[in-house]
Amino acid sequence: MFTVALTGGIGSGKTAVSDEFARLGVTVIDADLVARDVVAKGEPLLAGIVERFGESILLENGELDRKALRTRVFENSRDRDWLNSLLHPAIRKRMMDLAEAANGPYVLFAIPLLAESGNTRGFDRILVVDVPEAVQLQRTTARDSITREQAQAMLAAQASRQERLSIADDIVENTGSLEDLYRHIRQLHKNYTTLARNKTNLR
Ligand code: ATP
């Protein structure tokens, strides 16, 4: 299966981009949703987490207390490494399984923290949605009820614009209108469809 990974900073327009690919019939696999699914109630990984951190890591309804877990691993780097080595392969495997089961010439993986993960191999193309930081700040504060300072802190916690651009095969610049963005996505969709067909034919 031909795979495209989509990434971008906070408020850059990842959702606008992936929604347009979905409207074009592309299967979109969202890393954040998969990351929740692999530790859902009844999943073996959740049992592993409870074994390490105890029942107090669960909410009353038996679901993972994500906030408590975040606090625990923030405070302890060994716990953080342990958790990452448990979760990352499971998330990747689940995403690949979903991709294999998908219809259509290619799938789009939406991975907000791809540049941060350091794990950029295994995709046919990496598509970065890019805007200047000023636009990120403006769109994020317009959408969410957060201050400019909060948005700035979130930006600072992520990879820099240059770090993200350095992993890109394709860049979609999102400073124009949404219609401009969708036009660019339709062009990329054509290119990816052709590349995916060529890959299949080469097999
Ligand atoms: P996050 O990382 O915070 O989830 P995101 O990268 O998914 O954000 P979007 O939610 O797609 O970004 O876009 C951020 C905001 O900017 C949204 O309110 C969206 O409607 C708006 N937006 C995106 N692209 C454009 C555009 N080209 N013109 C105007 N507004 C836009």
Side-chain angles (χ1 to χ4, degrees), residues 3-40 64 66-67 69-70 73-74 84 87-88 91-92 94-95 98-99 102 106-120 123-192:
T3 58
V4 179
L6 166 70
T7 195
I10 176 175
S12 58
K14 297 179 296 296
T15 308
V17 168
S18 59
D19 283 354
E20 182 62 10
F21 276 108
R23 278 192 290 272
L24 292 166
V26 178
T27 298
V28 176
I29 299 170
D30 184 324
D32 287 347
L33 294 182
V34 172
R36 283 171 185 271
D37 285 350
V38 295
V39 292
L64 179 63
R66 306 175 67 83
K67 203 169 156 222
L69 183 63
R70 255 200 309 275
V73 300
F74 183 74
N84 283 337
L87 291 184
H88 289 172
I91 293 168
R92 196 161 260 247
R94 182 77 56 99
M95 291 177 83
L98 289 168
Y106 69 96
V107 297
L108 186 83
F109 293 126
I111 312 179
L113 298 179
L114 182 63
E116 291 81 351
S117 77
N119 203 351
T120 54
F123 308 106
D124 291 290
R125 305 294 291 179
I126 294 180
L127 171 61
V128 172
V129 50
D130 179 54
V131 290
E133 290 189 354
V135 176
Q136 280 183 280
L137 289 175
Q138 185 253 318
R139 289 189 183 149
T140 310
T141 49
R143 184 194 54 189
D144 307 332
S145 52
I146 55 170
T147 63
R148 199 181 156 77
E149 287 66 35
Q150 284 168 321
Q152 244 154 356
M154 290 162 92
L155 234 91
Q158 295 194 334
S160 70
R161 192 178 174 195
Q162 276 319 312
E163 282 166 333
R164 253 189 310 271
L165 289 175
S166 72
I167 65 164
D169 297 302
D170 304 302
I171 298 166
V172 59
E173 194 231 339
N174 184 24
T175 46
S177 68
L178 280 169
E179 199 33 62
D180 292 337
L181 179 70
Y182 298 154
R183 204 173 304 120
H184 194 162
I185 300 304
R186 287 194 291 270
Q187 186 56 51
L188 282 165
H189 175 60
K190 272 192 198 156
N191 298 349
Y192 292 151

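Below, each value reflects all heavy atoms present in this structure, side chains not excepted, and no hydrogens, waters or symmetry copies. Note that ligands are numbered from 1 as they come in the structure, with each ligand's atoms numbered from 1 the same way.
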Any Ser12 heavy atom less than 4.0 Å from ligand 1: yes

If the cut-off is 4.0 Å to any non-hydrogen atom of [X], which atoms of ligand 1 fall inside it?
| X | answer |
| --- | --- |
| Ala16 | 11 (O) |
| Ser177 | 27 (N) |
| Lys14 | 1 (P), 2 (O), 5 (P), 6 (O), 7 (O), 8 (O), 11 (O), 12 (O) |
| Gly9 | 6 (O) |

Any donor-acceptor pair under 3.5 Å from Asp180 side chain to Ser177 backbone: yes

Sidechain-backbone polar pair: Thr27 side chain, Val107 backbone, donor-acceptor under 3.5 Å: no

Looking only at protein heavy atoms, which one is nearest to [atom], and how far off is it?
| atom | result |
| --- | --- |
| atom 7 (O) of ligand 1 | Thr15 OG1, 2.6 Å |
| atom 31 (C) of ligand 1 | Arg139 NE, 3.6 Å |
| atom 17 (C) of ligand 1 | Arg143 CD, 3.9 Å |
| atom 13 (O) of ligand 1 | Gly13 CA, 3.8 Å |

Salt-bridge criterion met for Arg164 and Asp130 (N-O under 4.0 Å): no

N or O pair under 3.5 Å between Ile10 and ligand 1: no

Donor-acceptor pair between Glu173 and Thr175 side chains, under 3.5 angstrom: yes

Proximity to ligand 1 by part of Ala142, non-hydrogen separation under 4.0 Å: neither

Tyr192 vs Asp170, side-chain hydrogen bond (donor to acceptor under 3.5 Å, both in side chains): CA-CA, chis, key distance, verdict: CA-CA 11 Å; Tyr192 292 151; Asp170 304 302; 2.7 Å; yes

Ring-face cation contact, Phe109 with Arg92, 6.0 Å cut, 45° max: no

Student check: side-chain heavy atoms of Glu20 and Leu181 closer than 4.5 Å: no

